[in-house]
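In what follows, chains carry the letters A, B, and so on, assigned in the order in which the sequence lines appear, proteins first and then strands, with residues in each chain numbered from 1.
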There are 2 protein chains.
Amino acid sequence: MTSRPTSRGTRVRGTRQAEALGAVLADLPAFSSAQEIHAELRRRGESVGLTTVYRQLQVLSQDGGVDTIRDESGETLYRRCRTSGHHHHVTCRSCGRSVEVEGREIERWADNVAAEAGFVDVDHTEELFGRCADCT
Amino acid sequence: MTSRPTSRGTRVRGTRQAEALGAVLADLPAFSSAQEIHAELRRRGESVGLTTVYRQLQVLSQDGGVDTIRDESGETLYRRCRTSGHHHHVTCRSCGRSVEVEGREIERWADNVAAEAGFVDVDHTEELFGRCADCT
DNA sequence: GTAATTGCAAAGGATTTGCTCTGGT
DNA sequence: ACCAGAGCAAATCCTTTGCAATTAC
């Protein structure tokens with residue numbers, strides 16, 4: 001098991017490493033890989049094991065603290081979540097800038113299309129990639 | 001480089017392995033991993049190397065012959081493409097049944113939202129997952 | 001004091017690459 | 001003979017696990 005938030009308790013958090021990671025995540029504006037985050041941590045002088053970065057990131061993403069997407073190479077990228085609830089992202093292929101967007105329309109569309117095809121209990125993934133109008 | 005389709009020629013294809021792979025793809029109704037496809041090949045008595053399966057699948061997906069999606073574990077799944085042009089899929093989490101669906105609305109939505117956020121040259125990925133109404 | 005967390009080293013697992021062999025024309 | 005394609009073994013690379021040492025409360 002990973003780390004059940006123990007219903008009530010303050011369980012998770014409290015370690016130097018978790019703090020440092022949180023700080024980095026708060027600063028990184030673009031989706032970054034665990035390895036990049038780990039590198040940034042070292043750069044800041046904070047020594048945190050790669051394993052810990054992965055584990056922490058895993059927990060945070062489950063708790064909704066960070067969003068994740070997969071780049072075309074299959075690597076998982078993380079970024080602190082700014083809005084709550086279901087949303088998607090538009091990410092710049094060039095600079096990595098990423099904006100969270102809502103998609104009520106999409107959700108509706110997804111449910112309809114899926115229903116017509118005979119599916120229930122529908123869920124979906126949707127990621128947008130583009131280039132900042134003034135990038136590169 | 002992988003294998004430029006040599007403009008005119010019958011280039012790719014022609015080998016026993018390619019034929020066998022094509023046959024399997026034509027039969028498999030659900031998205032399958034390279035490994036599953038490889039297993040199915042062996043099951044049919046056709047001996048084809050895993051490497052070949054991967055390479056062939058890579059070419060086919062570039063040529064639009066097969067669609068690919070990634071399951072939550074990051075594994076790439078393949079399936080012969082039935083319709084031409086841009087489309088998405090609704091896949092059953094339980095049995096794997098997958099239906100291709102068009103989404104003009106989505107494309108439009110994607111372009112608009114991205115444009116509003118200041119992005120150009122937009123592209124997107126969208127996959128739907130659900131459960132057949134009468135599955136499991 | 002005790003349970004949670006770290007983190008190194010090793011394991012895993014999908015996919016790719018190096019390089020030689022083979023089959024088709 | 002010539003070349004694209006096949007394939008085995010080894011290499012990659014991200015991510016997870018085993019397990020002992022450390023830390024938080």
Subject >> B:Glu72 CD to B:Phe129 CZ distance, which is reported to the nearest 0.5 Å >> reply: 8.0 Å
Subject >> Side-chain N or O of B:Tyr54 closer than 4.0 Å to phosphate OP1/OP2 of C:dT16 >> reply: no
Original post:
OP1 or OP2 of D:dG5 less than 4.0 angstrom from a side-chain nitrogen or oxygen of B:Thr15, does that happen here?
Top reply: no
Original post:
Whole-Å distance between D:dC13 P and B:Glu75 CD?
Top reply: 20 Å
**OP:** Could you check how far CG of A:Leu57 sits from P of C:dT5, rounded to whole Å?
**Re:** 15 Å
**OP:** May I have the distance from A:Gln35 (atom CD) to D:dT12 (atom P), rounded to whole angstrom?
**Re:** 15 Å
Original post:
To the nearest Å, how far apart are A:Glu36 CD and D:dC14 P?
Top reply: 10 Å
**OP:** Please state whether the base of D:dG5 and the side chain of B:Arg16 form at least one donor-acceptor pair under 3.5 Å?
**Re:** no
Subject >> Short side-chain N/O contact to D:dG5 OP1/OP2 from B:Gln56, under 4.0 Å >> reply: no
Original post:
Base, sugar-phosphate, or nothing for A:Gln17, non-hydrogen atoms under 4.0 angstrom?
Top reply: sugar-phosphate
**OP:** Report yes or no: do B:His88 and B:Glu107 form a side-chain donor-acceptor pair below 3.5 Å?
**Re:** yes
Original post:
Is the gap between the ring centers of A:Phe31 and A:His89 under 6.0 Å?
Top reply: yes
Subject >> Interatomic distance where CG belongs to B:Leu21 and C1' belongs to D:dG7 [whole Å] >> reply: 15 Å
**OP:** Can you figure out which of C:dT16, D:dT17, D:dT15 approaches the side chain of B:Gln58 most closely?
**Re:** C:dT16
Original post:
Taking only residues two or more places apart in sequence or in another chain, which ones pass side-chain contact (heavy atoms from CB on, under 4.5 Å) with A:Val24?
Top reply: A:Leu28, A:Ile37, A:Glu40, A:Leu41, A:Arg44
**OP:** Quickly work out the A:Glu46 CD to C:dT6 C1' distance and round it to whole Å.
**Re:** 14 Å
Original post:
Checking all strands, does A:Thr76 fall into the base, sugar-phosphate, or nothing category for heavy-atom contacts under 4.0 angstrom?
Top reply: sugar-phosphate
**OP:** Not counting sequence neighbours, which residues clear side-chain contact (heavy atoms from CB on, under 4.5 Å) with A:Arg70? List them please.
**Re:** A:Thr76
Original post:
In whole angstroms, how far is the C1' atom of D:dA6 from the CG atom of B:Leu50?
Top reply: 13 Å
Original post:
Rounded to whole angstroms, how far apart are CD on A:Glu19 and P on C:dT5?
Top reply: 14 Å
